[in-house]
Amino acid sequence: MESPKLLLALLLLAFVAAALPARADDYDFGRRMFLNKAQCSYCHGWAGDGAGEPQSSGAAANLRITTLTRDQLIEVISCGIPGKAMPHFDEDAYTDKRCYGVTDVELGRDTPALPPGSTLNKREIAAVTDYLLAKVVGRGPEITKIECEEAYGEGARMCNRYPAK
Amino acid sequence: LHSKTRSSSAATAACATNGEDRKIVTHASRSGFNHVFDRNSGQFINAVPYTKVTWTKGIDPKTGRPVDYDPSKDVQVYAEASNVNNDKVTRSVCPSHAGGNNHWPATYSRNTGLLYIPSVEGCDDITNDHSRHVKGKFDGGGYVAPDRLTGSIAAVDPTTGEMKMRKVLPYSIFGGTLSTAGGLVMTGLVDGTLVALDDKTLDVLWSLNVGTGFNAPPMTYSVDGKQYVAIASGLFRNARGSLSKSPEMRNLSNATMVFVFGL
């Protein structure tokens, strides 16, 4: 009786393992913020090269070549960029002087917009920043299949369009 | 900008134009104009702006094309010329990229003979930068919606192309309009307000905010002689995005519900 049970357990385990995305790594939480919750990829592109969806605002920064430091990235994600399409992901930005020392009253119509998806808390902003620094910043202009499968899982069909290396 | 897609609503009706009974089709375009065509022949009948339009000086009443349209050019230069200038100068162009009207339906009321067009009110600041274009990718500059977006309902006579009335509402409309034989025009706003307007005056007769946004049109039905109005809530990305300059809406919940009201 024991071996069929064991076999069943092994089969179940194999099934669960196959269903899990192959991209589980230390940056999975930050990656989920980038691709899903904050929808950064809608404007910046999944690879961060600034090529977003055709309906997006356009003119998004190429994060692969950014020279911003960790603190600067956190500031731009939290506060957005006044007068530009980059929204503020800190829900309370511009209600006080935490962002660039100015409020929405002082900035007027140049106040960055709320994100169309969700705002992020401090831990989430730190996670997406660390994901960017580890997986996107400095990655170079060529987007590879390996990089795509890191983001979308091994065998993802959309990754076939990219060169292997 | 507005020709990226022409996903706008269309309504059909049988009307008398110039004393002649014709079957027509109307198209409240993203461009900010409502166009009316003969449903059988496709012949252009009239066009009228139902919201603020700056991208062209107007529509040629004979051809239905923009007056600044030049058939000898592959790429058109319209009034604001934001589409071709590569000078990185920022220009304001109305309506915004969302329209005007977009894919959500206008309603034709047999009660009044008018078309009620729901709209997003606002403009974009567009900055072209062709140096950003890389083959195979979508870029070439960008836009910012610098101001709060609001909504409106325009009542247009499709037989003459005349705008009879217009009602500005405090938030965008990303769902359609409904007209009833009882004289109501109803719509849902992205802030979660369902409004019922008088079809003859566009006065607000009744409104209720349910606390979660609408981007679906209301619909109506009757059971055992009692009439109901139903509407689904929950905002998709771009409808939520239309609130991005409305900071008081930052905590708006996004519940997917169906609300039903008895008339």
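For the numbers below, each heavy atom of this structure counts, side chains included, while hydrogens, waters and symmetry mates do not. The model shown is predicted, which means the values in this text are computed figures rather than measured ones. Chain A is the first sequence line, chain B the second, and so forth, proteins listed ahead of strands; every chain is numbered from 1.
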Item checked: Engaged part of Tyr42(A) at the chain B interface, taking heavy atoms whose separation is under 4.5 Å -> side chain
Note to self: Between Asp147(B) and chain A, with a heavy-atom cut-off of 4.5 Å, which part of the residue counts as in contact: side chain, backbone, both or neither?
What the structure shows: side chain
Check: Val144(B) versus Met86(A): any side-chain heavy-atom pair under 4.5 Å?
Finding: no
Item checked: Spatial distance of atom NZ (Lys84(A)) from atom CG (Asp125(B)) [nearest 0.5 Å] -> 10.5 Å
Checklist line | Heavy-atom side-chain contact between Arg250(B) and Thr95(A) under 4.5 Å | finding: yes
Margin query: Non-hydrogen contacts under 4.5 angstrom with chain A: give the residues of residues 237-244 of chain B involved, or none if there are none.
Written below: Arg237(B), Asn238(B), Arg240(B), Gly241(B), Leu243(B), Ser244(B)
Next item on the list: For Lys122(A), look at atom NZ and say whether over 12 heavy atoms of other residues, nucleotides or ligands are found less than 6.0 Å away.
Entry: no
Next item on the list: To the nearest 0.5 angstrom, please state how far the CD atom of Gln55(A) sits from the NE2 atom of His97(B).
Entry: 8.0 Å
Next item on the list: Check whether any side-chain heavy atom of Asn251(B) lies under 4.5 Å from a side-chain heavy atom of Glu91(A), and answer yes or no.
Entry: yes
Item checked: Where at least one partner belongs to residues 98-125 of chain A, residue pairs that pass ring-ring contact (aromatic ring centres under 6.0 Å, His included), sequence neighbours excluded -> none
Note to self: If you count heavy atoms of other groups shown closer than 6.0 angstrom to CZ of Arg65(B), is the number above 12?
What the structure shows: no
Next item on the list: Report the option among Gly58(A), Ala59(A), Gly117(A), Ser118(A) that has the most heavy-atom pairs separated by less than 4.5 Å from atoms of chain B.
Entry: Ala59(A)
Notebook entry, point to check: Heavy-atom distance under 4.5 Å to chain B: side chain of Asn62(A), backbone, both or neither?
Noted result: neither
Notebook entry, point to check: Is it the side chain or the backbone of Ser246(B) that comes within 4.5 Å of chain A heavy atoms, both, or neither?
Noted result: backbone
Checklist line | Options Gly83(A), Gly45(A), Pro112(A), Ala60(A), ranked by heavy-atom pairs under 4.5 Å with chain B, top entry | finding: Ala60(A)
Check: Got a donor-acceptor contact below 3.5 angstrom from the Lys245(B) side chain to the Thr111(A) backbone?
Finding: yes
Next item on the list: Identify which of Pro115(A), Ser57(A), Ala51(A) forms the greatest number of heavy-atom pairs closer than 4.5 Å to chain B.
Entry: Ser57(A)
Note to self: Looking at every non-hydrogen atom in both residues, tell me the closest pair between Tyr143(B) and Ala85(A) and how far apart they are.
What the structure shows: O-CB, 3.8 Å
